[in-house]
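So the structure is just underneath, and the comments pick up after that.
Numbers here simply count residues along the sequence, with the first being 1. From a predicted model like this one, the values you see are computed outputs, not experimental measurements.
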Amino acid sequence: MNKYLVVYDYGQGGVWAFVTADSADQIRQEFPELTIFEQAPAWMTKEVHDEIERTMTFDIHGSQPGLLANIRRNRSKELKGGT
């Protein structure tokens with residue numbers, strides 16, 4: 001498993017996280033809503049990077065609450081016609 005820096009851009013901002021997955025393509029297939037970064041953007045300090053890594057790391061196969069679970073839940077609502 002590899003760790004990838006991603007952002008979920010929701011239109012008025014973004015949520016940064018790390019996703020562990022077999023490959024970047026696996027993330028792109030399962031979560032096309034996410035943008036994957038090969039390296040941290042210039043504005044991201046080491047402290048910010050480390051804090052994101054410490055608090056916002058999710059396994060693509062996991063069922064833990066957080067960003068990936070929220071994306072899955074939002075998809076489910078959209079499929080059902082909810083908001």
Side-chain angles (χ1 to χ4, degrees):
M1 296 284 270
N2 298 302
K3 193 179 292 186
Y4 299 90
L5 178 63
V6 300
V7 66
Y8 175 59
D9 184 345
Y10 55 87
Q12 294 184 1
V15 176
W16 290 86
F18 281 91
V19 174
T20 57
D22 295 325
S23 68
D25 284 338
Q26 182 183 26
I27 297 170
R28 287 184 192 101
Q29 283 187 313
E30 180 129 2
F31 295 98
E33 302 90 342
L34 299 176
T35 301
I36 302 167
F37 285 77
E38 291 186 26
Q39 52 188 324
W43 62 263
M44 188 178 285
T45 64
K46 180 177 179 354
E47 291 78 17
V48 170
H49 179 280
D50 292 350
E51 180 69 11
I52 293 168
E53 189 170 25
R54 186 178 66 76
T55 62
M56 295 289 290
T57 297
F58 304 98
D59 183 333
I60 197 166
H61 301 295
S63 61
Q64 73 270 31
L67 179 64
L68 303 182
N70 288 340
I71 291 172
R72 287 182 178 118
R73 189 170 29 259
N74 287 341
R75 280 190 206 147
S76 178
K77 286 180 184 177
E78 288 174 9
L79 290 174
K80 293 176 184 175
T83 55

message = Looking at Arg54 and Asp50, is any side-chain nitrogen of the basic one under 4.0 Å from a carboxylate oxygen of the acidic one?
response =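 Salt bridge: no.
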Charged N-O contact under 4.0 Å between Arg72 and Glu30 =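 Looking at Arg72 and Glu30, the cut-off is met.
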Looking only at heavy atoms, which two atoms of [X] and [Y] are closest? And how far apart?
X     : Y     : answer
Ala24 : Ile36 : O-CD1, 3.4 Å
Ser23 : Tyr4  : CA-OH, 3.3 Å
Asp22 : Asn2  : O-ND2, 3.4 Å
Ile52 : Ala17 : CG2-CA, 3.7 Å

query = Is there a side chain to side chain contact (heavy atoms under 4.5 Å, CB included) between Glu33 and Asn74 once you walk through the steps?
reply = CA-CA 11 Å; Glu33 302 90 342; Asn74 287 341; over 6 Å; no
request  = Please round to the nearest 0.5 Å and tell me the distance separating atom CD of Gln29 and atom CD of Gln26.
outcome  =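 Answer for the CD-CD pair, Gln29 versus Gln26, is 8.0 Å.
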request  = Would you check if Val15 and Asn70 make a side-chain contact, meaning some heavy-atom pair closer than 4.5 Å?
outcome  =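 Result no, sub-4.5 Å side-chain heavy-atom pair not found.
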query = Do Leu5 and Met44 have side chains that get closer than 4.5 Å, going by heavy atoms?
reply =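 Yes, at least one pair of side-chain atoms sits under 4.5 Å.
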inquiry  = Taking CD in Gln64 as the centre, count heavy atoms belonging to other residues, nucleotides or ligands within less than 6.0 Å. Is the count above 12?
reply    =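 It does: Gln64 CD has more than 12 such atoms within range.
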task = Report the residue from Ile60, Val19, Leu67 that forms a side chain to side chain contact (heavy atoms under 4.5 Å, CB included) with Phe31.
result =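 Among the candidates, only Ile60 passes.
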request  = Please work out which of the three classes, parallel, tilted or perpendicular, describes the rings of Phe37 and Trp16, given edges at 30° and 60°.
outcome  =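 Ring orientation of Trp16 relative to Phe37: tilted.
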